[in-house]
Amino acid sequence: MGWDGGTFMYWANLVNQGATPYRDFFLRDPVYIYLVALSMKILGVSYLAISLVSILPSTASIAIVYMISRDLFDHRTAILSSLLYGLSPTIIWYNTVFDPHTLMLFLSSSSMLFLIKGLKTNDSKYFAAFGALLGGAVFAYRGVAVYAVTSPLLLGYILASNKAGQLFGPRKWLRQVLAVAVPFFLIGTAILLLFSTFSNVSWMLSSFGFGGQQESASYFIFGEVLGPAERARVLFVAVREWLYLMAPATIFLVLPLVHALSRRVVFILTGISGVSVLLEPALIYNIVFWVSLITLISSALLLLPIVSSKFAGARKPELARPLLLYWFLSTALLVGLFGVPLVNYYYFFAPVFTIMAAPIIMTTMSLAKTASHIREIHFPQANAVVFLCLLGVSAVAVSAMIPSTPMTWRDRSMATNLSIASYIQQRTTLQDQILVQDPAIALYAQRGVALGISLTLVYNKNGTEPFNPMPYDPFDLFPNVTEIANYMSAGNVKYVVGDYLVCAMHIHPVWKLAFETNFSQETVIDGTVVYGLSLKAGTARTSCSG
């Protein structure tokens with residue numbers, strides 16, 4: 001469990017208590033929060049309630065992946081795609097993260113299904129459904145807007161190539177673009193106006209990251225100042241997560257180059273694409289990673305010529321290739337625009353990566369089947385068997401890597417959160433307030449969050465005192481640092497939970513002084529320090545690690 005999921009639970013509880021987003025509390029993705037609120041209203045305040053909002057969309061995405069792959073290829077490839085997706089260790093792991101990402105993947109994948117049907121039938125209602133679904137999905141995860149923005153390029157390419165045999169002429173292209181754009185803006189604007197009725201448009205836009213505030217400019221700048229080593233580390237883990245699908249997905253992408261360029265050039269380009277740097281902290285996994293990376297790429301390159309001819313002969317994916325390339329590149333743009341290269345952003349590639357890999361694996365399986373019926377196995381068929389075995393070994397290795405390596409800050413167990421909440425509840429009254437990075441602890445302890453601060457992350461940067469993280473906030477949802485320090489010094493905060501919140505305190509001298517002067521370490525629960533209010537000066541002098 002992590003503080004992100006705890007924050008979402010806290011916001012959902014506020015919704016159920018009648019609070020209005022953007023006016024009474026800060027919010028980013030209201031569709032997701034309202035779904036969590038609905039789940040909590042039915043099941044009560046529990047981790048089960050928030051986990052279902054991740055698990056159910058993720059499970060439904062398996063069916064969406066099947067339908068997309070079936071429409072682009074065939075039934076057997078679709079079965080393989082859905083199996084790859086449903087059994088992926090990364091997909092399973094991210095169901096435990098508790099954030100909008102699985103919901104976003106379900107909505108964006110569903111929109112792609114409508115787009116595919118529109119391209120195949122030339123029916124404007126499917127294009128309209130594609131735009132409308134994305135318009136609503138923006139409020140589940142704002143980054144999906146990129147697919148609506150880049151869709152005219154896909155339609156223009158299909159128009160120019162005329163591979164689908166459906167779209168022709170600039171007027172037809174314009175009608176399809178408008179069929180996407182109009183519902184997208186109508187649905188998006190309607191939801192925006194609905195919430196801004198209780199808030200205001202400029203504050204909502206800045207909260208969404210389109211107004212230069214916390215969720216856009218500052219995060220982008222933070223991402224730009226990260227060093228090459230940190231960026232490479234993120235890329236390394238991202239490649240490792242999808243190692244078992246990277247080679248076949250890359251083959252799918254480079255197959256057109258086989259006919260346009262010499263095979264030697266294709267081999268070089270493919271090999272370069274698989275290079276990553278930095279070492280994995282665990283030596284055994286680092287060895288497995290490099291051995292798998294080298295052998296997978298080598299076997300894939302050796303297999304490329306025969307797979308190319310077999311794949312081209314068995315299937316003619318006129319629509320599949322441009323659409324999946326559009327999906328892949330648009331997702332890459334989405335990840336790049338966020339600025340901060342977090343590992344979990346690479347999870348966005350899961351559906352398209354799986355769908356691209358499946359037809360190549362199917363072709364390889366057919367080669368392996370042919371090899372089993374002949375006495376003398378030819379080299380390409382033998383390599384197909386090796387390639388499939390390597391994919392299996394790589395999948396097992398990835399399965400072992402994911403739970404053993406902490407990839408994000410989400411490394412505190414639910415039991416620890418409940419133990420901390422129980423400890424605080426037993427030593428406070430209903431009127432008491434606490435300061436904590438993960439507000440789920442306050443929720444379970446049935447205690448208030450000090451000054452209503454449910455997102456302490458916004459204080460995790462430098463600024464002149466009195467530091468105000470949201471200077472253009474019209475509703476004063478975030479007090480400045482001096483106000484927080486004075487509130488703590490007056491004895492209004494009974495407990496401070498020592499997590500990343502302590503790091504934010506140490507950035508601001510006024511806040512740090514109030515904390516060190518008035519709080520002392522009271523206990524440690526599963527490695528988490530809990531500080532209690534104390535009038536003994538200087539008793540909480542701790543490092544940022546908390």
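Keep in mind that the numbers below use all heavy atoms, side chains included, and drop hydrogens, waters and symmetry copies.
- Judged as a side chain to side chain donor-acceptor pair (under 3.5 Å), and not counting sequence neighbours, Tyr10 has no contacts.
- Listed by chain and number, the residues in a side chain to side chain donor-acceptor pair (under 3.5 Å) with Trp11 are Ser454 (sequence neighbours excluded).
- Of the residues Tyr32, Tyr94, Tyr346, Tyr141, the one that meets the ring-ring contact (aromatic ring centres under 6.0 Å, His included) test with His101 is Tyr141.
- A distance of 13.0 Å separates CE in Met246 from CD in Glu241, rounded to the nearest 0.5 Å.
- Under the 3.5 Å distance criterion, the side-chain polar atoms of Asn16 are matched with a main-chain donor or acceptor of Ala37.
- Two residues are said to be in side-chain contact when any heavy atoms from C-beta on lie closer than 4.5 Å; Ile158 and Gln176 fail this criterion.
- Between the side chain of Asp123 and the backbone N or O of Tyr126 there is no donor-acceptor pair closer than 3.5 Å.
- Here the shortest heavy-atom pairing between Val31 and Gly136 reads CG2-O, 4.0 Å.
- Within 6.0 Å of CZ on Phe467 lie more than 12 heavy atoms contributed by other residues, nucleotides or ligands.
- In this structure, the side chains of Met470 and Trp203 come closer than 4.5 Å at one or more pairs of heavy atoms.
- Residues satisfying the side-chain contact (heavy atoms from CB on, under 4.5 Å) test with Ala350, not counting sequence neighbours, are Tyr85, Ile91, Leu105, Trp242, Tyr347.
- No side-chain heavy atom of Phe25 sits under 4.5 Å from any side-chain heavy atom of Leu455.
- Within the structure, side chain to side chain donor-acceptor pair (under 3.5 Å) pairs that include any residue of residues 183-198 do not occur (at least two apart or interchain).
- Taking Tyr34 as the reference, nothing meets the ring pair (Phe, Tyr, Trp, His ring centres under 6.0 Å) condition, with sequence neighbours excluded.
- A salt bridge (charged side-chain N to carboxylate O under 4.0 Å, His left out) check over residues 58-71, counting only residues at least two apart or in different chains, returns the pairs Asp71-Lys117.
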Donor-acceptor contacts, no H, no angles, side chain residues 52-68, under 3.5 Å, sequence neighbours left out:
{"residue": "Ser58", "atom": "OG", "partner": "Asn95", "partner atom": "OD1", "Å": "3.0"}
{"residue": "Thr59", "atom": "OG1", "partner": "Ile55", "partner atom": "O", "Å": "2.8"}
{"residue": "Ser61", "atom": "OG", "partner": "Pro57", "partner atom": "O", "Å": "2.9"}
{"residue": "Tyr66", "atom": "OH", "partner": "His75", "partner atom": "ND1", "Å": "2.8"}

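- Ser111 and Leu133 get closest at one heavy-atom pair: N-CD2, 3.4 Å.
- In this view, Phe184 satisfies the ring pair (Phe, Tyr, Trp, His ring centres under 6.0 Å) rule with no residue, not counting sequence neighbours.
- Annotation: side-chain contact (heavy atoms from CB on, under 4.5 Å) contacts of Ala190 (sequence neighbours excluded): none.
- The side chain to side chain donor-acceptor pair (under 3.5 Å) check on Asn13 picks up nothing, with sequence neighbours excluded.
- Counting heavy atoms from C-beta on, the side chains of Ile191 and Val138 never come closer than 4.5 Å.
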Review point. Step by step, would you call Phe8 with Asp99 a side-chain contact (heavy atoms from CB on, under 4.5 Å)?
Key: CA-CA 8 Å; Phe8 298 144; Asp99 61 20; 3.7 Å; yes
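- Looking at Lys125 and Phe114, their side chains never come closer than 4.5 Å, going by heavy atoms from C-beta outward.
- The two residues Ala140 and Leu103 come nearest to each other via the heavy atoms CB-CD2, 3.9 Å.
- Between Phe139 and Leu194 there is no side-chain heavy-atom pair separated by less than 4.5 Å.
- Residues Phe195 and Pro30 approach most closely at CZ-CB, 3.6 Å, considering heavy atoms.
- Looking at Pro89 and Tyr244, their side chains come closer than 4.5 Å, going by heavy atoms from C-beta outward.
- The ring pair (Phe, Tyr, Trp, His ring centres under 6.0 Å) test applied to Phe106 returns no partner, not counting sequence neighbours.
- The side chain to side chain donor-acceptor pair (under 3.5 Å) test applied to Thr331 returns Tyr147, not counting sequence neighbours.
- For the pair Met104/Phe348, a side-chain contact is recorded, criterion being any heavy-atom separation below 4.5 Å from C-beta on.
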